[in-house]
Enquirer: 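Here it is, the structure in full.
So you know, we letter chains A, B, ... as the sequences are listed, proteins then strands, and number each from 1. Hydrogens, waters and symmetry mates are skipped; everything else that's a heavy atom, side chains included, is used.
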Amino acid sequence: MRETLLIEQSKQGRKAYCFPPLDLPKGFQQALPPLPESIRREQPARLPEVSELDVVRHFTRLSTMAHGVDNGMYPLGSCTMKYNPKLSEHIAKMDAFTKIHPLQDVSTTQGSLSIMFNLLEDLSSITGMKWGTLQPCAGAHGEYTGLKMVKSYYEKRGETGRTKILIPSSAHGTNPASAMVNGFAVVSIGSNEKGQVDLEDLEAKLDDSVAAVMMTNPNTLGIFEQNILLISKMVHAHGALMYYDGANMNAILGMATPGEMGFDVVHLNLHKTFATPHGGGGPGSGPVMVNNTLRPFLPKPDILLTDSGYVLDWDGEDSIGKVSMFWGNFLVLLRAYVYILRMGSEGLRSASAHAVLNANYVAKRLCDVCEIPYGEQCMHEFVISLEEYRQNNGVRAQDIAKALIDKGYHPPTMYFPSLVSEALMIEPTESESLETLDAFILAFRSILAQAKEDPEYVKGAPYTTPVGRLDEVKAIKEPNLRY
Amino acid sequence: MRETLLIEQSKQGRKAYCFPPLDLPKGFQQALPPLPESIRREQPARLPEVSELDVVRHFTRLSTMAHGVDNGMYPLGSCTMKYNPKLSEHIAKMDAFTKIHPLQDVSTTQGSLSIMFNLLEDLSSITGMKWGTLQPCAGAHGEYTGLKMVKSYYEKRGETGRTKILIPSSAHGTNPASAMVNGFAVVSIGSNEKGQVDLEDLEAKLDDSVAAVMMTNPNTLGIFEQNILLISKMVHAHGALMYYDGANMNAILGMATPGEMGFDVVHLNLHKTFATPHGGGGPGSGPVMVNNTLRPFLPKPDILLTDSGYVLDWDGEDSIGKVSMFWGNFLVLLRAYVYILRMGSEGLRSASAHAVLNANYVAKRLCDVCEIPYGEQCMHEFVISLEEYRQNNGVRAQDIAKALIDKGYHPPTMYFPSLVSEALMIEPTESESLETLDAFILAFRSILAQAKEDPEYVKGAPYTTPVGRLDEVKAIKEPNLRY
Amino acid sequence: MIYPYIPHTDEDRKIMLEAIGLSSMEELFSGLSEDILLSDSVPISHGRTEDEVQRMIDSIAQRNVRGIPFLGCGCYDHIIPSTVEALSSLPSFVTAYTPYQAEMSQGLLQAIYEFQSMICEITSMDVANASLYDGANAASEAASLMVGAKRHASVVLVSSTLHPFTLQVLQTWAKGTGKSLRIVKEKDGVVDLSLLSSLLDSTCAGLIVQSPNRYGLLESYEGVAEILHEQKALFAISNDPLSLAMQKSPGQWNADIAIGDTQSLGLPLAFGGPSCGFMAVKEALLRKLPGRLVGLTEDGKGRKGFTLTFQAREQHIKRERATSNICSNQALAALMTTIHLSSLGWDGMLEAANQSYAKAHYLAYHLAQLPGMTLVWDKPFWCEFPLVFSDSKRLRKFMQELRNEGIFAGVRLSTLTRKVKDELVLLVAVTEKRSREELELYLAAARRVMK
Amino acid sequence: MIYPYIPHTDEDRKIMLEAIGLSSMEELFSGLSEDILLSDSVPISHGRTEDEVQRMIDSIAQRNVRGIPFLGCGCYDHIIPSTVEALSSLPSFVTAYTPYQAEMSQGLLQAIYEFQSMICEITSMDVANASLYDGANAASEAASLMVGAKRHASVVLVSSTLHPFTLQVLQTWAKGTGKSLRIVKEKDGVVDLSLLSSLLDSTCAGLIVQSPNRYGLLESYEGVAEILHEQKALFAISNDPLSLAMQKSPGQWNADIAIGDTQSLGLPLAFGGPSCGFMAVKEALLRKLPGRLVGLTEDGKGRKGFTLTFQAREQHIKRERATSNICSNQALAALMTTIHLSSLGWDGMLEAANQSYAKAHYLAYHLAQLPGMTLVWDKPFWCEFPLVFSDSKRLRKFMQELRNEGIFAGVRLSTLTRKVKDELVLLVAVTEKRSREELELYLAAARRVMK
């Protein structure tokens with residue numbers, strides 16, 4: 001099955017949509033001058049001219065060439081592809097939320113403001129932090145915001161020499177990139193044999209040029225940093241701050257908080273941990289939570305509860321200012337709020353417990369056929385190395401991943417973190433049942449077996465998709481990025 | 001791809017849904033007696049015990065093994081598979097309509113009643129009839145209702161000898177069946193060489209034992225009965241009534257009305273002509289429209305507009321009574337009303353004109369490769385005969401139909417009407433564009449060509465579906481109708 | 001000339017007309033004589049854009065007023081999981097026709113097979129069809145089945161406690177066909193089966209009863225099947241299927257036919273429609289079952305697959321020899337019920353039924369304490385009960401006062417029967433969806449009025 | 001212990017723990033020391049059922065009040081075809097991640113490719129990315145791009161007529177990074193480009209302007225690109241993309257970077273988010289473009305297919321050497337815009353823009369006749385215009401009176417800038433969605449207050 005571009009289906013004069021006729025007085029319409037020629041556009045843009053049914057069929061067919069959590073297991077490590085509740089989708093379509101303008105008088109938006117206010121309170125409890133902002137639109141945007149606050153904090157203190165961010169080498173790419181866009185230099189910290197932060201290396205690199213240490217805990221190997229309290233103490237002792245990347249928060253909900261671990265600033269990914277849909281890449285939401293120290297630097301406006309209801313507070317001279325156009329991705333916040341209401345305190349804790357249970361179960365069931373470099377005991381995800389398959393059979397991690405597609409599974413995250421060679425990072429999430437996990441394990445093992453018996457077959461996968469593996473070099477050498 | 005039964009995925013204790021805990025006073029709960037043992041059920045029913053995600057994936061996957069108008073062209077003759085507007089679906093989900101109880105005081109249901117009242121008025125205009133009912137839930141249900149009124153009409157007049165319904169041999173099976181369930185005898189009328197009612201045969205069979213003549217016009221060959229006025233005159237002259245089966249109403253909207261043709265009672269199929277979705281077999285809606293003669297016999301209650309708004313009128317001693325539980329399939333009526341509002345008078349006329357244009361175009365483009373027994377000039381649909389392919393190549397109409405599946409088209413109606421051998425009945429509807437028709441024609445012609453060159457291949461179709469042709473004999477001999 | 005949902009451009013029309021050999025759109029209708037062709041457009045309004053229609057509908061919608069419904073009588077406000085709307089809206093389900101082409105409709109067919117199975121499980125019967133229009137039509141189809149199943153039988157016994165509308169639909173069914181209904185009267189609010197033997201004769205094809213009945217009361221059918229079967233008459237029981245989580249099922253009463261409406265299993269109120277009738281029968285009646293049936297079979301390669309089966313029973317094959325004229329059914333509503341039951345499971349179904357029972361009894365118990373209204377019959381009920389008021393002025397005031405609190409207090413039986421004697425009877429339905437607060441709001445208002 | 005969305009039964013847990021070699025769920029967290037493990041549950045409420053949540057949300061929703069919005073300032077109430085919500089809700093789109101696995105994501109990738117193409121067409125640029133967070137962040141990404149594209153440049157020129165929030169986001173962007181903004185002041189409500197040459201020096205990476213600007217006024221950029229390019233500085237224009245149906249596009253002004261937000265193309269108001277930032281650039285800047293890019297290529301059999309491409313630019317590969325940290329974008333919102341534009345076509349887009357223009361001018365023309373408020377600047381505008389009131393008491397009364405008619409009259413500029421001098425400026429936005437009746441209602445109320 002293939003679907004042509006809609007523009008290729010275009011036919012002059014065909015229409016999928018009509019507007020009501022303009023019903024202003026004739027005289028006015030005739031008298032109304034056009035835009036001055038100097039600023040007037042004359043050339044049309046090439047957009048499809050098709051029927052409504054063409055539009056419907058086009059996107060319906062495209063949807064059949066996509067795979068989401070609703071279609072099958074999606075064990076994409078570090079992305080937490082859990083089930084996105086239908087209730088949240090229903091609520092996010094309510095007119096009372098979709099048809100509210102962000103600049104209406106706050107007396108008319110108390111509903112939306114109360115959801116934001118209460119969501120922030122819940123996220124505070126969950127992270128063990130005191131304050132926060134919902135403005136950032138994604139995880140990386142949260143990092144940007146959090147580090148910007150760190151920057152402002154030191155500027156305010158006059159400690160302008162704090163120009164470095166220490167980041168474990170296994171960190172997500174957004175961490176160093178976010179540090180960079182905020183004008184920090186990035187210094188990498190090594191890992192020890194347990195896959196955790198190398199304390200000696202950390203100690204060696206900690207000095208008064210360090211602004212913050214940015215960590216994910218559990219880290220990207222799915223391993224909990226057991227020395228975290230010690231690390232926080234070391235970092236704070238050097239006057240630096242602790243930044244928590246919430247990408248892996250789904251491992252510890254209700255079990256532990258970044259606040260108790262000593263972190264000063266935390267970003268969350270509502271589209272991971274709080275079950276809002278990923279939408280094919282977004283919109284997400286990346287709230288940032290902080291303790292008292294950083295509160296003055298939070299973006300504007302803050303939401304306050306006053307005697308006359310919720311208000312937007314624009315005061316706060318130390319605020320870093322706005323980080324997005326309005327108040328954040330409200331409809332994503334709404335979905336996350338619905339999820340938290342559903343789960344409640346015990347439900348969130350249970351979600352993490354079962355996410356960890358699932359990961360450990362799969363790891364255990366795979367550990368005899370592939371290497372798990374840092375041991376199979378993990379938190380909510382784990383990383384395997386297929387190096388032996390590469391060396392013995394010429395089959396790479398990518399080949400195994402592609403073969404999973406033919407079995408109906410979305411592949412795990414490939415080649416990350418880079419300290420594991422031929423890595424696949426598997427995160428089942430708590431949404432998957434024992435039966436689904438067993439079926440996945442069976443499929444995975446059968447592919448590994450086939451990789452030994454018939455490596456060429458595996459290297460040619462996938463076979464069941466509309467296209468096979470694509471020529472990525474050609475995509476760059478002969479770029480075709482638009483019709 | 002195959003999906004196991006959900007019951008096979010069941011696991012004791014797994015839950016997709018929870019209710020709020022019962023919060024009545026403890027004392028009351030303890031004192032509340034259970035149902036008497038003599039009427040109490042003890043044995044559970046075997047229902048799936050699965051997670052919410054299991055439910056979501058199960059039905060999402062099942063939907064990928066189904067084909068609707070949104071997926072591709074659906075030229076299923078006599079079923080009018082036109083585009084179902086997304087606007088109608090949106091409106092049919094509004095709480096203001098879905099959360100209204102049928103027995104609320106009419107002062108609180110003026111919105112729904114006004115939609116029904118206005119829809120009836122529009123349908124009156126469209127059919128050229130004066131009065132009507134929206135209670136019937138489907139076309140056959142409309143036939144049942146209309147013929148019941150015919151029966152009551154004659155009983156009221158004391159003409160109890162009118163026990164026959166004359167029906168052309170090409171009629172839909174529901175026509176004779178509906179006559180039968182109302183206690184009528186069915187007499188078949190022959191067709192002439194033009195595929196129209198044989199007037200001599202009709203005249204021969206008309207006498208005072210005939211209650212009504214039931215016709216579809218255009219008839220099931222897609223041919224307009226040109227003698228309709230004469231037929232009406234003949235029938236009325238014998239004191240019998242004219243019944244119009246609205247299955248093919250999509251051919252003549254705004255061009256002609258059953259009323260002007262002399263019909264006394266008309267049923268419509270909102271799910272065909274008025275673009276409400278077929279839903280995999282229903283719910284439909286089959287309003288019945290009548291002239292003054294039959295008005296007293298309409299089902300109860302009627303909707304009247306009074307000075308105090310819309311009311312349900314239960315008077316009318318000659319009424320046949322109720323034909324469905326409440327007022328009809330309201331959400332289907334609502335969708336049809338939205339469609340009529342969108343189209344307006346000219347739009348409906350245009351729909352029919354283009355439905356006829358499309359059918360004639362496809363017929364013209366196919367007539368050199370297959371026989372169109374009654375000539376290629378047709379109304380909104382036409383019937384081809386593949387008899388020559390059966391005789392020359394051993395390929396049957398069903399084989400051609402199945403081969404179309406592999407090309408992404410839903411097959412036309414097969415083996416109907418029975419007076420055409422190896423019949424396929426093709427109804428493109430106005431929704432399809434020239435390009436889609438051309439692609440369909442190309443596919444159809446290529447299959448016919450292949451039927452000559454490689455008949456075995458065509459006889460083995462389809463090849464791209466989850467299952468091939470199924471053993472229907474086994475389905476009956478070893479019935480497996482439930483888990 | 002651009003109309004919605006029609007893709008043709010001027011150019012297209014030209015090309016197509018040329019291909020056909022015509023020079024104008026009008027010529028397409030040359031088969032229609034001038035005295036048939038309309039000279040003028042039909043008198044309905046001009047077309048409107050989406051935005052205009054949505055605005056118009058929004059304004060009409062405001063004329064529907066919602067309240068907290070304690071209304072039942074065949075249509076109940078139960079909790080529906082969010083999965084039901086979300087999944088039943090998938091376009092391949094919504095925009096498909098009846099799955100005549102099995103190979104490209106396996107998903108739809110499987111969903112129907114699962115529906116059939118669940119109905120069988122709930123009713124304890126052997127085989128169920130793919131749905132009928134609604135509960136009332138299921139009753140008339142049952143009557144047809146009975147009459148068709150027994151030679152020379154033309155009488156169907158029906159309980160006077162059937163839902164009034166079901167009874168009306170049955171009366172319509174019998175009208176003019178030579179078939180007739182014979183009413184089995186009630187006693188103390190339930191069908192009086194002691195009359196059965198005397199009413200039953202060789203002309204009787206069978207009996208149709210209902211529980212919960214028109215008053216919401218539960219009936220017992222001990223020994224009824226035996227009496228009927230002795231006379232070769234069939235026994236049909238109509239139930240609210242959700243009540244079958246608590247009360248004995250048709251199969252357990254040894255009935256031959258189980259009927260009802262699945263509205264209480266996942267369908268919104270929707271002003272009464274679409275709902276979804278069902279029918280399940282004993283295996284012996286399989287070939288007499290009306291409507292569509294899906295079966296499991298195999299393809300040439302031995303792969304399991306679903307298909308419509310036993311189609312020879314149906315009108316499109318059997319025509320005037322068919323025993324039912326049903327063609328379209330309520331497939332999408334049946335799908336909603338299937339999703340609903342898949343989500344609830346038996347535990348959920350039982351919970352919904354139990355909570356409805358408890359809450360209805362809580363309300364009934366407290367209302368029964370008030371002067372001016374009584375629960376006349378000491379019979380078991382499930383989620384709906386009849387309150388008899390001492391005078392109609394009081395009843396009217398009661399309903400109005402509760403209305404002022406945003407509560408729809410119940411349905412007057414006379415609304416259904418149009419009979420003066422039923423004007424003092426208020427039927428109050430309470431589902432698991434009614435919160436404690438709503439119950440207390442009802443009681444508080446009731447106490448104010450009835451003190 | 002049953003929690004929503006967790007499928008595990010007691011039995012499952014037992015089997016799984018056994019397999020792992022643990023005896024309790026607690027042991028799964030044995031890696032967390034006691035001083036980290038929470039002793040108590042976190043202080044948020046207990047879980048609620050679907051019905052309870054829906055009720056709670058329904059009641060919260062009532063605290064949002066809707067009116068007829070004449071509000072704009074970056075978020076507009078345009079007509080959206082029904083196809084947009086229906087198709088963007090298809091579950092395979094909604095519940096997918098970024099299409100890293102091209103073979104199983106062709107549909108998603110193709111939709112993004114179509115989005116990129118449409119943005120290029122509308123802006124007359126060469127290449128567009130798969131979306132950014134919003135219009136304001138598109139501006140800061142443009143600033144980053146500029147600074148990254150020119151050695152030793154750290155200053156970005158920005159028009160004082162940028163949307164106040166965009167300016168604030170840019171100020172945040174510059175904060176603490178050694179980069180800075182240099183404001184190009186306005187004159188008569190539009191950017192004063194006569195100042196450009198004097199402000200431009202070798203430290204300047206480029207200029208960002210906006211049209212329609214913060215007042216709704218349209219700006220002219222004749223000759224600006226040439227001045228900038230001479231200094232190797234880049235030129236970025238931010239537009240409401242719908243306005244580009246009428247006014248010259250960034251490509252036509254010879255800009256290097258086109259930015260903006262597609263909210264006006266198919267996205268609901270939604271309290272301001274999600275919307276969807278976009279960026280398109282000249283081909284030369286392709287490798288400096290932030291965000292994701294989809295390209296068309298072939299598989300081993302020569303079949304065309306779509307894939308994410310030029311990923312080497314992105315943070316997950318380039319890490320601290322990346323020029324942007326963006327990872328998640330607004331893909332589903334971009335899909336909505338793609339469906340919207342597919343439905344409207346160019347004619348529809350032009351019609352929406354033209355009608356907005358006409359209706360805004362109709363309202364402006366009649367309001368300008370009234371005492372106490374003026375349209376200060378005689379500059380072309382599109383669908384939004386600034387009314388300056390003579391005193392703030394009058395303005396407040398004006399807004400309140402219109403509110404009483406159900407009308408949200410406009411946005412006070414001071415709401416955005418928090419500046420006293422802007423308190424008398426009311427920004428009024430009129431889209432094609434505002435009916436004639438609504439316009440007359442506005443005018444009638446305005447006449448009553450301002451007479």
Enquirer: Select one option (side chain, backbone, both, neither) describing which atoms of A:Ser178 are under 4.5 Å from chain D's heavy atoms.
Expert: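 Both backbone and side chain.
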Enquirer: Considering only heavy atoms, which portion of A:Ala179 lies under 4.5 Å from any heavy atom of chain D: side chain, backbone, both, or neither?
Expert: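 It is neither, since no heavy atom gets under 4.5 Å.
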Enquirer: Can you tell me which portion of A:Glu49 sits under 4.5 Å from chain D's heavy atoms? Options are side chain, backbone, both or neither.
Expert: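 Answer is side chain: those atoms of A:Glu49 sit under 4.5 Å from chain D.
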Enquirer: Should the pair A:Arg469-D:Asp299 be classified as a salt bridge under the 4.0 Å nitrogen-to-oxygen rule?
Expert: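 Between D:Asp299 and A:Arg469 there is no salt bridge, as every charged N stays at least 4.0 Å from the carboxylate O atoms.
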Enquirer: Shorter than 4.5 Å, heavy atoms on both sides: which option in A:Lys99, A:Arg342, A:Met343 has the most such pairs with chain D?
Expert: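 Most heavy-atom pairs under 4.5 Å with chain D: A:Arg342.
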Enquirer: Carefully, step by step, assess A:Arg482 and D:Glu121 under the rule salt bridge (charged side-chain N to carboxylate O under 4.0 Å, His left out).
Expert: CA-CA 9 Å; A:Arg482 54 172 294 194; D:Glu121 284 288 332; 3.0 Å; yes
Enquirer: Would you say the side-chain atoms of D:Tyr133 and A:Asn329 include a donor-acceptor pair closer than 3.5 Å?
Expert: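 Checked: D:Tyr133/A:Asn329 side chains show no N/O donor-acceptor pair below 3.5 Å.
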Enquirer: Which atom names give the shortest non-hydrogen contact between D:Gln54 and A:Leu87, and what distance separates them?
Expert: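 Minimum heavy-atom separation between D:Gln54 and A:Leu87: OE1-CD1, 3.6 Å.
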Enquirer: If you measure only the distance, is there a donor-acceptor pair under 3.5 Å linking the side chains of A:Gln43 and D:Gln252?
Expert: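 Distance-only check passes for A:Gln43 and D:Gln252.
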Enquirer: Could you please spell out the steps behind the side-chain contact (heavy atoms from CB on, under 4.5 Å) verdict for D:Tyr3 and A:Glu346?
Expert: CA-CA 8 Å; D:Tyr3 296 108; A:Glu346 300 85 356; 3.2 Å; yes
Enquirer: Is there a side-chain contact between A:Thr465 and D:Gln106, using heavy atoms and a 4.5 Å cut-off?
Expert: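 Result no, sub-4.5 Å side-chain heavy-atom pair not found.
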Enquirer: Can you tell me how far the OG1 atom of A:Thr98 sits from the CZ atom of D:Arg66, to the nearest 0.5 Å?
Expert: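 One finds 7.0 Å between OG1 of A:Thr98 and CZ of D:Arg66.
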Enquirer: Taking D:Glu320 for its side chain and A:Pro176 for its backbone only, find out whether a donor-acceptor pair lies under 3.5 Å.
Expert: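 A pair under 3.5 Å: no.
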Enquirer: When you look at A:Lys364 and D:Met16, which way does the side-chain contact (heavy atoms from CB on, under 4.5 Å) test go after all the steps?
Expert: CA-CA 10 Å; A:Lys364 186 73 184 185; D:Met16 295 173 80; over 6 Å; no
Enquirer: Looking only at side-chain N and O atoms, does A:Asn71 offer a donor or acceptor that is under 3.5 Å from a partner on D:Ser92?
Expert: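 A pair is found: one side chain offers a donor N or O, the other an acceptor, under 3.5 Å apart.
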Enquirer: Contact part of A:Leu357 toward chain D, heavy-atom cut-off under 4.5 Å: side chain, backbone, both or neither?
Expert: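 Interface part for A:Leu357: both.
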Enquirer: Restricting to non-hydrogen atoms, name the atom on D:Gly305 and the atom on A:Val467 that form the minimum distance, rounded to 0.1 Å.
Expert: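 Scanning both residues, the minimum pair turns out to be CA-CG1, 4.1 Å.
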Enquirer: Shorter than 4.5 Å, heavy atoms on both sides: which option in A:Gly254, A:Ser324, A:Ser114 has the most such pairs with chain D?
Expert: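 Maximum pair count with chain D is reached by A:Ser324.
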Enquirer: Checking side-chain polar atoms at under 3.5 Å, does D:Thr297 have a donor or acceptor matched by the opposite partner on A:Asp471?
Expert: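 Their side chains do not contain a donor-acceptor pair, so the 3.5 Å distance test is not met.
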Enquirer: Would you mind checking which part of A:Phe28 comes under 4.5 Å of any heavy atom in chain D, side chain (CB onward), backbone (N, CA, C, O), both or neither?
Expert: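 The side chain, not the backbone.
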Enquirer: Using side-chain heavy atoms (C-beta onward) and a distance below 4.5 Å, is A:Arg40 in contact with D:Met246?
Expert: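 Side-chain contact under 4.5 Å: no.
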Enquirer: Rounded to the nearest 0.5 Å, what separates atom OH in D:Tyr97 from atom NE2 in A:His67?
Expert: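 Output value for this atom pair is 14.5 Å.
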Enquirer: Kindly indicate, with the supporting measurements, whether the criterion side-chain contact (heavy atoms from CB on, under 4.5 Å) is fulfilled by A:Met180 and D:Arg321.
Expert: CA-CA 8 Å; A:Met180 177 283 304; D:Arg321 288 167 299 111; over 6 Å; no
Enquirer: What's the spacing between A:Leu62 CG and D:Tyr113 OH if we round to 0.5 Å?
Expert: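 Separation between the atoms: 13.5 Å.
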Enquirer: Under 4.5 Å, counting heavy-atom pairs only, tell me which of A:Leu229, A:Val50, A:Asn84 racks up the most with chain D.
Expert: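 If we count pairs closer than 4.5 Å to chain D, A:Leu229 comes out on top.
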Enquirer: Between D:Asp12 and A:Leu434, is there a donor-acceptor pair closer than 3.5 Å when you use the side chain of the first and the backbone of the second?
Expert: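 No, D:Asp12 side chain to A:Leu434 backbone: no donor-acceptor pair under 3.5 Å.
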Enquirer: A side-chain contact here means heavy atoms from C-beta on lying under 4.5 Å apart; do A:Glu472 and D:Thr307 qualify?
Expert: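 With C-beta onward as the side chain, the pair touches.
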Enquirer: Give me the atom names and distance for the closest heavy-atom approach of D:Ile20 to A:Tyr361.
Expert: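 Shortest heavy-atom separation between D:Ile20 and A:Tyr361 comes out as CD1-N, 3.8 Å.
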Enquirer: Closest approach of D:Asn137 and A:His141, non-hydrogen atoms and distance?
Expert: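 D:Asn137 and A:His141 have their closest heavy atoms at OD1-NE2, 3.0 Å.
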Enquirer: Measure from the side-chain N and O atoms of A:His101 to the backbone N and O of D:Cys75, and report whether any donor-acceptor pair falls under 3.5 Å.
Expert: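 At least one qualifying donor-acceptor pair exists.
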Enquirer: Below 4.5 Å, heavy-atom pairs only: which of D:Thr309, D:Leu108, D:Leu28, D:Val42 has the largest tally toward chain A?
Expert: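 Most pairs with chain A among the choices: D:Leu28.
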Enquirer: With a 4.5 Å heavy-atom cut-off, do A:Gln104 and D:Phe271 have their side chains touching?
Expert: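 SC-SC contact between A:Gln104 and D:Phe271 ruled out.
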Enquirer: Return the CG to CG distance between D:Leu416 and A:Leu103, rounded to the nearest 0.5 Å.
Expert: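 The CG atom of D:Leu416 sits 5.5 Å away from the CG atom of A:Leu103.
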Enquirer: Name the option with the most non-hydrogen atom pairs under 4.5 Å to chain A; the candidates are D:Phe306, D:Tyr365, D:Tyr357.
Expert: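 Top count of heavy-atom pairs under 4.5 Å with chain A: D:Tyr357.
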Enquirer: Are side-chain N/O atoms of D:Glu114 and A:His58 paired as donor and acceptor at under 3.5 Å?
Expert: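 Short answer, yes.
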Enquirer: Working to the nearest 0.5 Å, report the span between CG of A:Asp23 and CZ of D:Arg436.
Expert: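 Atom-to-atom, A:Asp23:CG and D:Arg436:CZ are 6.0 Å apart.
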Enquirer: Decide if the gap between the ring center of D:Trp346 and the ring center of A:Tyr17 is smaller than 6.0 angstrom.
Expert: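 Ring centres of A:Tyr17 and D:Trp346 not closer than 6.0 Å.
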Enquirer: Where does A:Phe224 contact chain D at under 4.5 Å (heavy atoms): side chain, backbone, both or neither?
Expert: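 The side chain, not the backbone.
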Enquirer: With chain A as the partner, which of D:Gln116, D:Lys175, D:Arg292 has the greatest number of non-hydrogen pairs under 4.5 Å?
Expert: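 If we count pairs closer than 4.5 Å to chain A, D:Lys175 comes out on top.
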Enquirer: Answer with side chain, backbone, both or neither: which region of A:Met325 has an atom nearer than 4.5 Å to a non-hydrogen atom of chain D?
Expert: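 For A:Met325, the contact with chain D is made by backbone and side chain together.
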Enquirer: Flag the one option from D:Ser342, D:Ala96, D:Pro380 with the top tally of heavy-atom pairs under 4.5 Å to chain A.
Expert: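 Answer, by heavy-atom pair count under 4.5 Å with chain A: D:Ala96.
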Enquirer: If you count heavy-atom pairs under 4.5 Å with chain D, which of A:Ala45, A:Gly68, A:Pro20, A:Ala16 comes out on top?
Expert: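 Ranked by contacts with chain D, first place is A:Ala45.
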Enquirer: Counting only heavy atoms closer than 4.5 Å, note whether A:Ile39 contacts chain D via side chain, backbone, both or neither.
Expert: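 Contact with chain D involves both backbone and side-chain atoms of A:Ile39.
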Enquirer: Quick check: closest heavy atoms across A:Leu481 and D:Val294, and the distance to 0.1 Å?
Expert: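 Distance-wise, the nearest heavy atoms are CD2-O, 3.5 Å.
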Enquirer: Is it the case that the side chains of D:Gln101 and A:His410 hold a donor-acceptor pair, with the cut-off being a distance below 3.5 Å and no angle test?
Expert: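 Side chains of A:His410 and D:Gln101: no pair found under 3.5 Å.
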Enquirer: Side chain, backbone, both or neither: which part of A:Lys151 has a heavy atom under 4.5 Å from chain D?
Expert: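 Just its side chain gets close to chain D.
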Enquirer: Under a 4.5 Å heavy-atom cutoff, which of D:Leu17, D:Leu87, D:Leu350, D:Leu218 has the most pairs with chain A?
Expert: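 Most heavy-atom pairs under 4.5 Å with chain A: D:Leu87.
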Enquirer: Under a 4.5 Å heavy-atom cutoff, which of D:His316, D:Arg418, D:Glu432, D:Glu351 has the most pairs with chain A?
Expert: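 Heavy-atom pairs under 4.5 Å are most numerous for D:Arg418.
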Enquirer: I'd like to verify something: which residue of A:Pro411, A:Gly284, A:Ala138 has the highest number of heavy-atom pairs under 4.5 Å with chain D?
Expert: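 When all of A:Pro411, A:Gly284, A:Ala138 are compared, A:Pro411 has the most.
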Enquirer: Return the minimal non-hydrogen interatomic distance between A:Asn358 and D:His8, and the atom names on each side.
Expert: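 For A:Asn358 and D:His8, the tightest heavy-atom pair comes out as OD1-NE2, 2.7 Å.
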Enquirer: Return the option, out of A:Pro102, A:Gly183, A:Pro277, with the maximum number of heavy-atom pairs under 4.5 Å with chain D.
Expert: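 Maximum pair count with chain D is reached by A:Pro102.
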Enquirer: With rounding to the nearest 0.5 Å, note down the distance linking CZ in A:Phe326 to OG in D:Ser275.
Expert: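 Those atoms lie 8.0 Å apart.
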Enquirer: Between A:Tyr74 and chain D, which part of the residue has a heavy atom less than 4.5 Å away: side chain, backbone, both or neither?
Expert: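 Only the side chain of A:Tyr74 comes within 4.5 Å of chain D.
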Enquirer: Determine whether D:Thr98 and A:His278 satisfy the following criterion, side-chain contact (heavy atoms from CB on, under 4.5 Å), listing intermediate values before the conclusion.
Expert: CA-CA 8 Å; D:Thr98 305; A:His278 284 74; over 6 Å; no
